[in-house]
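Single-structure report; data block below.
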Amino acid sequence: MTSKAPCPQGESLQVFKGTFIHATHTSPMETLTPLILGVNRTGKIVFIENVDKEEELSQAWHFQKKNIRVLREREEFFIPGLVDTHIHASQYPNMGTCLDLPLLEWLVRYTFPVESKFKDPKFTEDVYTKLVKRTLRNGTTTACYFATIHTDSTLKLCSIIDNLGQRAFVGKVCMDLNDLFPEYKEKLCESVVETKRFVAELTGREYPLVKPIVTPRFVPSCSSELMQQLGSYASSEGLHIQSHISESRAEVELVKSLFPECKNYTDVYDRHSLLNDKTIMAHGVYLSNDELKVFQKKGAAISHCPNSNISLGSGLFDVRNALHHQVKIGLGTDVSGGYSPSVLNAMRAAIDVTKILGFQSSNYERLTYQEIFRLATLGGSQALGLDNVTGNFEVGKDFDAILVNTNVPNSPFDVFTDDTQEDIFQKFLNLGDDRNMVEVYVAGKKVVPFPNA
Ligand code: GUN
Ligand code: FE
């Protein structure tokens, strides 16, 4: 238990008392109870102490006990905000549909057509507002978004995210090759110039929580020149990078045929300066151990998107093997390849995948549900290079949190008197939904319920 040096008199604090469940680097799940936690005006956690320190703390930090928010025992608890490390905001209209084709066919038939619609500002505003509200209600406090090739529409997404108070990386999608759907692509120079304009405009707006990420879509839709220019631009500006890698067998074969001189898919990105400790690549289902070693060496991360990998029939990603290689891993919904916007759903799909891998080999070391909870919170924050800011409850980090209430009137599950705190938490992970997420905080600010709802 720790605290910062007390603040000057009169600073307004939010103080919460009750149960906090989170992950740390040494423990995939810790239940901290009963605790008292203080958040300052800038949204940072300034103390986390046992409740027996309440008197001392109230004097040192000048808060009144009547202003402490006391959680109801057992039925209410805080968890860290969930981190969605890979989601296509622009595919939200298709979410829950179009899941009958494999990746490459799915892109051409359903996905490029819907993304093309974002040149229309009205469509953009409606879809992106609904999407960001939906993810926030589902407890996503940090998201790493793909938008579309349209710069102004992507900037609109940024302003909606800022307005609703989510933490995010946002990428203007770059793609200069698209033979099968030629209406949806850019010219090489336009893609680079527009990426620079996007970054400059977004940076100039000084949104505190919304940052740009350089976003070459994936190898088959980017020329070598485009990847090279984006790679050197990202390196020179110290920007984050996101893309897709080794998602389906057909895609891996296609990349092999496009870049026969490269050792493998990872090598293509590496040769174009797109693989470093600010890179997050989605999927990675078919990465070899040699490629995982390169990821580890470069400090690049993988977004595990289990719902999407199953829904598009892409394959089963072996998280355990990637963790053995010390690769940073977070979870992604990959809407709309994945049909759910909820990171809780991604956790459940990740559990199913680890169990299926367990059926296939008897000595497989399956992930525990606690480890998957860590992937959804601290793991995601590490994968995005934000673990000094968010991911769990530590003094000095921002208070990104979900207040879970398991006793809401229309809760999707029931709690019984014999249930332990851990049983209740597991019921929430396996059965809970946005009805149980009664309040969501990002950097200390309550963003759910929505202010004007
Ligand atoms: N690979 C290239 N683009 C996409 C996309 O939009 N979704 C998924 N799942 N994979 C991709
Ligand atoms: Fe994706």
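Throughout, numbering of the chain's residues begins at 1 and tracks the sequence. Values below: every heavy atom of this structure, side chains too, minus hydrogens, waters and symmetry copies. Note that ligands are numbered from 1 as they come in the structure, with each ligand's atoms numbered from 1 the same way.
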Any donor-acceptor pair under 3.5 Å linking the side-chain atoms of [Y] with those of [X]?
| X | Y | value |
| --- | --- | --- |
| Glu251 | Tyr286 | no |
| Thr151 | Glu194 | yes |
| Gln166 | Thr135 | yes |
| Asp290 | Asn264 | no |
| Thr377 | Asn392 | no |

Atom pairs and distances, donor-acceptor, side-chain atoms in residues 402-410, under 3.5 Å, two or more places apart:
unit_1: Asn405; atom_1: OD1; unit_2: Asn407; atom_2: N; d: 2.7
unit_1: Thr406; atom_1: OG1; unit_2: Glu75; atom_2: O; d: 3.1
unit_1: Asn407; atom_1: ND2; unit_2: Glu75; atom_2: OE1; d: 3.4
unit_1: Asn407; atom_1: ND2; unit_2: Glu75; atom_2: OE2; d: 3.3

What protein N/O/S atoms sit under 2.8 Å from the Fe ion (ligand 2), by chain and number?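 Listed by chain and number, the atoms are His86 NE2, His88 NE2, His244 NE2, Asp334 OD1.
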The side chain to side chain contact (heavy atoms under 4.5 Å, CB included) partner of Ile149 among Lys185, Glu115, Lys119, Glu186 is Glu186
Can we say Lys263 and Asp270 salt-bridge, meaning some charged N sits less than 4.0 Å from an Asp/Glu carboxylate O? no
Sequence neighbours left out, cut at 3.5 Å: what donor-acceptor pairs do the side chains of residues 326-333 make with other protein atoms?
unit_1: Lys328; atom_1: NZ; unit_2: Gly299; atom_2: O; d: 2.8
unit_1: Thr333; atom_1: OG1; unit_2: Asp84; atom_2: OD2; d: 2.6

Identify the protein atoms, limited to N or O, that lie within less than 3.5 Å of an N or O atom of ligand 1, and list each pair with its distance to 0.1 Å.
unit_1: ligand 1; atom_1: 3 (N); unit_2: Arg217; atom_2: NE; d: 2.8
unit_1: ligand 1; atom_1: 6 (O); unit_2: Gln91; atom_2: NE2; d: 2.8
unit_1: ligand 1; atom_1: 6 (O); unit_2: Arg217; atom_2: NH2; d: 2.7
unit_1: ligand 1; atom_1: 9 (N); unit_2: Glu247; atom_2: OE2; d: 2.9
unit_1: ligand 1; atom_1: 9 (N); unit_2: Asp334; atom_2: OD2; d: 2.7
unit_1: ligand 1; atom_1: 10 (N); unit_2: Glu247; atom_2: OE1; d: 2.7
unit_1: ligand 1; atom_1: 10 (N); unit_2: Glu247; atom_2: OE2; d: 3.4

